[in-house]
Amino acid sequence: MENGILAAMARGGFERVLALHDRRSGVRGYMAIHDTSVGPALGGVRRWVYRSDEEALRDCMRLARAMTLKCCLGGVDAGGVKTVLLDHPEVDWEAAYEYLGRVIEGLGGVVSCGPDVGTGERELAWIARETHHVTRPGARGPGRLSAATAEGVFRGMQAALEHLDGEADWPRRHVVIQGLGAVGRVLAERLLGAGVRGAGTELDPERAGAAEELGVELLDPTRELGEECDVFAPCALGGILHDLSIPRLRARIIAGSANNPLARGGHADALHERGVLYVPDFVISAGALMRGAHFHLERRRKPLGHIGERIGATVQGVLERAAAEGSSPQRLAVHEAERLLEERRADPLPAEPLAPS
Ligand code: NAD
């Protein structure tokens, strides 16, 4: 990490970064708390195989900051946190998630965690044995978060099509989804229901088979970027849009749920110069955060329709302003979110820990 972790924290405006190690379960990882100036920090727990500790830390910090930006543009009175756990076959995962629950409990309510890649309902239930500050699955929780994300992506996609062509005209559209997991599958159902010709890629054979049964045309997982389509929806992992992949793209619009699909911020400008409309990931993928935060802060479930509407309107606003200013939508959205963050930090709310659910 360039100039070390403390310099990276200062550059990105982080409050705390914790290095995690539990002797009993063998788990190691990081938790990056980006911002708690107007409310608790909310964010998922990612379990993944990283090539190095440094790669894990960098991913953790990028994802935590993106959560704060999501809160700012999503109108959520909370900030961002992310936890990454290094996947390893010798870890006792049940004990590992219980340990994480104790870490979160020890933070006294300034952090609440939810699902992410590698952490689903089973793992959240293990965390919930030790703390209330976790998204609860089932009837006691905020409802299906991935469905909220998929709805936001669908409505954001619609806003992008309307921005370019004046109408969504779904039955004429071809959409390619990378990753048919929790979000990608629901998004595929929604798109197929609207009459779209849907194609996708998925590395897990079981999930691929299930999507094919829905009517999704399966593509070879090396072909999705080169497929000519209206919209490419990245719904797998981040970092897929870079110097080598961008020239291969044949989509007019990129709009998906994956966090940080751009390898670097500058790649948004590269897409803009090629005439590809990139819908900022932290704007379009805010559905789960909005639903989870609403439940935590107000103890009510926010209907999917409201979430989709809000995200669609925000995407529309960002695209219109970016076009008027000749900027890439990503650059404009980051700028706007940072401006809102400065406003929050200039007028912080007294730190109030989240009440137990
Ligand atoms: P998931 O793990 O359920 O699904 C991801 C799927 O992508 C998996 O089935 C995996 O096999 C597949 N995959 C991985 N690499 C692939 C590749 N190269 N090609 C094709 N398929 C590949 O995760 P999810 O909850 O659906 O989340 C998807 C993305 O959206 C993640 O980046 C996540 O951080 C982001 N996101 C999710 C939510 C949510 O509500 N779940 C909210 C915001 C952002």
Side-chain angles (χ1 to χ4, degrees), residues 42-49 59-60 62-64 66-67 69-71 73-74 76 80-84 87 113-124 135 137 141-154 156 176-190 199-212 216 218-227 232-242 245 254-263 279-295 302 304 307-308 311:
L42 308 178
V45 179
R46 178 166 292 194
R47 177 177 7 151
W48 192 248
V49 179
D59 198 31
C60 186
R62 272 191 89 190
L63 290 164
M67 285 302 288
L69 300 186
K70 253 186 215 193
C71 289
L73 284 196
V76 172
V81 60
K82 200 78 185 187
T83 305
V84 302
D87 205 353
C113 73
D116 194 66
V117 176
T119 301
E121 296 205 342
R122 182 183 60 157
E123 290 77 13
L124 294 175
T135 303
R144 288 171 62 219
L145 295 179
S146 40
T149 305
E151 184 62 22
V153 173
F154 178 79
V176 174
I177 304 173
Q178 182 191 49
L180 296 158
V183 178
R185 188 195 149 97
V186 182
L187 177 63
E189 283 179 52
R190 187 76 164 90
T201 55
E202 172 54 60
L203 300 182
D204 177 333
E206 210 172 297
R207 288 182 156 182
E212 198 171 24
V216 176
L218 283 186
L219 304 175
D220 180 321
T222 54
R223 269 194 44 210
E224 69 270 77
L225 292 170
E227 177 82 359
F232 171 60
C235 295
L237 292 174
I240 57 152
L241 299 170
H242 46 69
S245 62
I254 299 179
S257 73
N259 285 311
N260 296 337
L262 301 167
V279 180
D281 52 291
F282 66 90
V283 178
I284 198 169
S285 72
L289 168 71
M290 287 164 74
R291 193 167 223 215
H294 192 76
F295 186 79
K302 202 171 181 75
L304 293 185
I307 291 171
I311 291 177

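Remember, it's 1-based here, ligands and their atoms both numbered in the order they're listed. This structure is a prediction, so every number in the text was calculated from the model and none was measured.
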Heavy-atom nearest neighbour in the protein, as seen from atom 23 (O) of ligand 1, with distance rounded to 0.1 Å | Val117 CG2, 4.0 Å
What do you reckon, does Glu202 have a nitrogen or oxygen under 3.5 Å from a nitrogen or oxygen of ligand 1?
-> yes
Who's the nearest protein heavy-atom neighbour of atom 38 (C) of ligand 1, and how far?
-> Thr149 OG1, 3.7 Å
Side chains of Leu237 and Arg46 in contact at under 4.5 Å (non-hydrogen atoms) | yes
Ligand 1 to Leu180 polar contact by distance, N or O atoms, under 3.5 Å | no
Return yes when atom CZ of Arg144 has more than 12 non-hydrogen atoms of other residues, nucleotides or ligands closer than 6.0 Å, and no otherwise.
-> no
Atom indices of ligand 1, in the order listed, that fall short of 4.0 Å to a heavy atom of Leu145 | 40 (O)
Mark yes or no for whether Glu202, through its side chain, and Gly179, through its backbone, hold a donor-acceptor pair below 3.5 Å.
-> no
Going by heavy atoms, is Gly238 under 4.0 Å from ligand 1?
-> no
Run the numbers for me: atoms of ligand 1, each under 4.0 Å from some heavy atom of Cys235, listed by number.
-> 5 (C), 28 (C), 29 (C)
Nearest candidate to atom 36 (N) of ligand 1, where distance is taken over non-hydrogen atoms, out of Ser146, Ser257, Gly181, Gly43 | Ser257
Is there a donor in the side chain of Thr201 and an acceptor in the side chain of Gln178, or the other way round, less than 3.5 Å apart?
-> no
Are the side chains of Phe232 and Ile240 in touch, meaning some heavy atoms are under 4.5 Å apart?
-> yes
Taking only non-hydrogen atoms of Ser285 and a 4.0 Å limit, the atoms of ligand 1 in range are 43 (C)
So, do Leu187 and Ser257 sit near enough that their side-chain heavy atoms are less than 4.5 Å apart?
-> no
Could you tell me the residue and atom name of the protein heavy atom closest to atom 27 (O) of ligand 1, and the distance to it rounded to 0.1 Å?
-> Val183 CG2, 4.1 Å
Under 4.0 angstrom from ligand 1, any heavy atom of Arg185?
-> no
Could you pull out the closest heavy-atom pair between Ala148 and Arg291, with the gap in Å?
-> CB-CD, 3.8 Å
Atoms of ligand 1 close to Thr201 [distance to a heavy atom under 4.0 angstrom, numbered from 1] | 20 (C), 21 (N)
Closest to atom 9 (O) of ligand 1 (heavy atoms only, candidates Arg47, Arg207, Lys82, Lys70) is Arg207
Ligand 1 versus Ala236, non-hydrogen atoms closer than 4.0 Å: side chain, backbone, both, neither?
-> both
Which of these, Thr119, Leu203, Asp116, has its nearest heavy atom closest to atom 21 (N) of ligand 1?
-> Leu203
Roughly how far, to the nearest 0.5 Å, is the CG atom of Leu63 from the CG atom of Asp116?
-> 7.0 Å
What are the two closest non-hydrogen atoms of Ile307 and Gly287, and how far apart are they?
-> CG2-CA, 3.6 Å
Hey, does Gly184 come in under 3.5 Å of ligand 1, counting only N/O atoms on both sides?
-> no
Shortest protein contact, atom 25 (O) of ligand 1 (heavy atom only) = Ala182 CB, 3.7 Å
Taking only heavy atoms of Arg46, which atoms of ligand 1 are found under 4.0 Å from at least one of them?
-> 32 (O), 34 (O)
Would you check if Lys70 and Asn259 make a side-chain contact, meaning some heavy-atom pair closer than 4.5 Å?
-> yes
Would you call Leu124 and Pro115 a side-chain contact if the rule is heavy atoms closer than 4.5 Å?
-> yes
